[in-house]
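The next block holds one structure in the form of structure tokens; read it before the comments.
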Amino acid sequence: MADHFKNLLAGNSKWISFSNNTTLNLLFFLSLLLALSFSASGAKWDGVKVTRADSQALHAIKNELVDFKGVLRSWNDTGAGACAGWTGIKCAGGEVISIQLPFKGLGGRISHRIGQLQSLRRISLHDNAIVGAIPATIGFLPNLRGLYLFNNRLSGSLPASISNCPLLQTVDVSGNQLAGIIPPNLANSTRLYRLNLSFNSFSGSIPVSLSRSSSLIFLALQHNNLTSSLPESWSSVSSLKYLTLDHNSLSGKIPTSLTRLVSLEELDLSHNKLEGSIDEIGSLLALKKMNLEKNNLDGSIPNSIQKLLNLSVLNLSNNRFRGGIPLTIGNITSLNSLDLSENNLTGEIPLSLSNLPNLTSLDLSYNNLSGAVPSLLSKKFNSTSFAGNINLCGYGPSAPPCPSPQPKPHRRRKLSTKDIVLIASGALLFVLLILCFVLLCCLLCKKTKSSKGGRAPPPSTSKAAAALAAEGETGGDGGGKLVHFDGPFVFTANDLLCATAEIMGKSSYGTAYKATLEDENQVAVKRLREKVTKPQKEFEVEASNLGKIRHRNILALRAYYLGPKGEKLLVYDYMPNGSLASFLHARGPETTVPWPTRMNIAIGITRGLCYLHSEVKHVHGNLTASNVLLDEKTDPKIADVGLSRLMTSADVVGTAGSMGYRAPELSKLKNASEKTDVFSLGVMVLELLTGKSPSEAKDGLDLPQWVASIVKEEWTNEVFDVELMRDASSSTVADELLNTLKLALHCVDPSPAARPEALEVLQKLEEIKAEADVATADVGKTE
Ligand SMILES: *[C@@H]1O[C@H](CO)[C@@H](O)[C@H](O)[C@H]1NC(C)=O
Ligand SMILES: *[C@@H]1O[C@H](CO)[C@@H](O)[C@H](O)[C@H]1NC(C)=O
Ligand SMILES: *[C@@H]1O[C@H](CO)[C@@H](O)[C@H](O)[C@H]1NC(C)=O
Ligand SMILES: *[C@@H]1O[C@H](CO)[C@@H](O)[C@H](O)[C@H]1NC(C)=O
Ligand SMILES: *[C@@H]1O[C@H](CO)[C@@H](O)[C@H](O)[C@H]1NC(C)=O
């Protein structure tokens, strides 16, 4: 080693074994690409021996890397030298111009001596397991054009010295653990066209030099911790085509100068905190993909959006856009995916959307749209595209039908005063008739009841008027009241009472049925115990509030029914996959539940809970695996949301938290809180990880205690479901399991103050999943 250092000081003394000027010149001026393809065909030796300085630097580099697979075995002094067959090394004129060792399982660090390779043009060490910092000496490489270090475990900051490399074209250090600010002068090289710092932990703001660069074509800064607003001035001569800044915490408005980037083809600003309108977006004439999902953008969707004639993907979901869907969207014929879900859009769905020939994906769900869905759209897309719009009708076979599907021509005529008087008196008469009928029914009901005396037999699997409205209802609507919110099915009170019902379960609140309506559609019906429900008026107020709660991971209350004698039914979507508890614990030995499914369930439940806590400001109080239902795609829906609000308070106290899911402080305080919900969430995540039900006692310990006891004794792997250990042979899955376990244990901390908020749990889970995705998704990536 000492010898190496001495020689290093001797420095630049190059020695060339024989000189053939033609070859030399030619090789010096070969373009990078040519040089690479030249030697990619099997390290051709140009007959020039490597310089001593370069040779020493390469030795130093080898020493600091950890070569798990022996790919650097050829880097030895027995052969003809570095330029004659060392794996991954390319030379020109005896100097190293390229180090190319991607996907080689290399660990260790990058030696700072790399800065000694004065002719180096390309460093390609991506997709390895290299740790430590990026050496600042890279800034001493005057010829460096490409730096490809993505998908390693590099940490520290990005050395500002990199901006000293005048010929730099590509920097891709994505998928590492780099932090700190983005060096302000990074775009100094007027040739830099590709900068990818995505999937790191960079913080601070986006340097103005990047927005002013005229050479950048790809700027990828997504999945970092960047804050503050976007740079105000974007270059008017910009060549930028791909701008991806999603998954940061950028705030403020979208600057006008950004909307003038005429070469921009892809813009992703999703998952930030941007606000303001997008009125100027129509100037991005080359745009093909625009994703602004999950921001705080508002105002209306401008008509000028039709100028984006190349747009194929438009996602504006999860913002606060108001007003109507512009008719002009129908002019963007290249559009094939349109997502406007979870906004506050009103009005009708424009007919022009049916003109879009290439539209293959449409999501307008969870807005405030009204009227009829254009028939072409309702044929092409199922109810998922339109759900959650209370006043929307006529989509899918089971959606609410529209009051009058074909406008009748005479309707256009204005009504005269005489007409109005006639209609009004007719209506009055009708109302009176109904009143008489109801009175009559009531009288009849009283009679039948008194003549019948005793109680009806308890409900079981049977025809329903009896089961659902148990106590000897005379059939028909019987004077009951059915209140519908939105939902895929329409039915009358009569339909409901005549449905075939099957008991699914009982709880202290009442009995749950699976009801099959006459048209074969299925709904879940919960019959509440009348004694413990609130009086009718309060009940209706609370129920209509619950009917407004709409979230993908919360079971939607579609309707409620109040029987004439105080019976109370709640109607929900029916979930074919049953509860999480039965899905996990009551399956056959041959059915496995792979880890990605479990992770998605955990994330879904957490999303639903975040929504409950932060948007609805509601504590669930009884979160258990039996209260989480799974739809046909095994997406979880939290059930029994807000049931406690329908009950008298005395009863709520009695049922706060089920055994096994109950936070330790609950038995003392008798007061559910967001923290007790997080505890229950943690238990469910442990359930997903261990495959064990909290009701199975293990050596007298509950599930959290049992897991904690095993982890303490460091046989961590034993806690996981054996079935998961098969996947865990890959280190990414093992990491994912371990990180999720740590998080779950954090949630079940005996001290409520130590538990995270639901939102933190969600962020952490998404991080864990994203890390795993990054680790597995890069195999096909090319430079
Ligand atoms: C040294 O490198 C040459 C190729 O350059 C290789 O054939 C030889 O096996 C290597 N020697 C050792 C001891 O690894
Ligand atoms: C940037 O890196 C990420 C992650 O490695 C990758 O998915 C993306 O395609 C890259 N983008 C560009 C423009 O290089
Ligand atoms: C949607 O609009 C209604 C009525 O204008 C308003 O009360 C509500 O807060 C809006 N919701 C969002 C998410 O902006
Ligand atoms: C939905 O739109 C109707 C009018 O179409 C309006 O009265 C109502 O307030 C809106 N609701 C929300 C939640 O924005
Ligand atoms: C609607 O269609 C999409 C794909 O086009 C599918 O993923 C989804 O499960 C369908 N939903 C329903 C309720 O059929």
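As the structure lists them, so they are numbered: ligands from 1, and atoms in each ligand from 1.
Less than 4.0 angstrom separates some heavy atom of S174 from each of these atoms of ligand 2: 2 (O), 3 (C), 4 (C), 5 (O). Here is the list of ligand 2 atoms found below 4.0 Å of a heavy atom in S198: 1 (C), 2 (O), 3 (C), 4 (C). Residue contact check: T78 has heavy atoms under 4.0 Å from atoms 1 (C) of ligand 1. Using a 4.0 Å cut-off to heavy atoms of R194, the atoms of ligand 2 that qualify are 12 (C), 14 (O).
With hydrogens and angles left out, the side-chain atoms of H247 and N224 include no donor and acceptor closer than 3.5 Å. At a cut-off of 3.5 Å, with distance as the only test, a side-chain donor of T244 or Q222 sits close to an acceptor on the other residue.
Distances shorter than 4.0 angstrom do not occur between any heavy atom of G175 and any atom of ligand 2.
Compare L221, L219, N196 by their heavy atoms: the one nearest to atom 11 (N) of ligand 2 is in N196.
At a 4.0 Å heavy-atom cut-off, ligand 2 touches F199 through the side chain alone. Contacts between F150 and ligand 2, counted as non-hydrogen atom pairs separated by less than 4.0 Å, are absent for every part of the residue.
The local environment of NZ in K288 is sparse, with at most 12 non-hydrogen atoms from other residues, nucleotides or ligands closer than 6.0 Å. Atom NZ of K62 sits in a crowded spot, with more than 12 heavy atoms from other residues, nucleotides or ligands closer than 6.0 Å.
Close N/O approach between N382 and ligand 5 is found [any backbone or side-chain N/O within under 3.5 Å].
Closest protein heavy atom to atom 7 (O) of ligand 5: K633 NZ, 4.4 Å. Of all protein heavy atoms, the one lying nearest to atom 9 (O) of ligand 1 is N76 ND2, 4.8 Å. Nearest protein neighbour of atom 5 (O) of ligand 1, counting heavy atoms only, is S74 O, 3.6 Å. Looking only at protein heavy atoms, the nearest one to atom 13 (C) of ligand 5 is T384 OG1, 3.5 Å.
Checked for salt-bridge contact, D363 and R552 meet the test: a charged N lies under 4.0 Å from a carboxylate O. The pair R109-E64 does not meet the salt-bridge criterion, since no charged nitrogen lies less than 4.0 angstrom from a carboxylate oxygen. A salt bridge links R607 with E766: at least one charged nitrogen is closer than 4.0 Å to a carboxylate oxygen.
Note: F218 and Y193 have tilted aromatic rings, judged against thresholds of 30 and 60 degrees for the angle between ring planes.
Although no hydrogens or angles enter the test, the distance criterion places no donor-acceptor pair under 3.5 Å between the side chain of D635 and the main chain of E632.
Within the 4.0 Å cut-off (strictly below), a protein heavy atom is located near atom 2 (O) of ligand 1.
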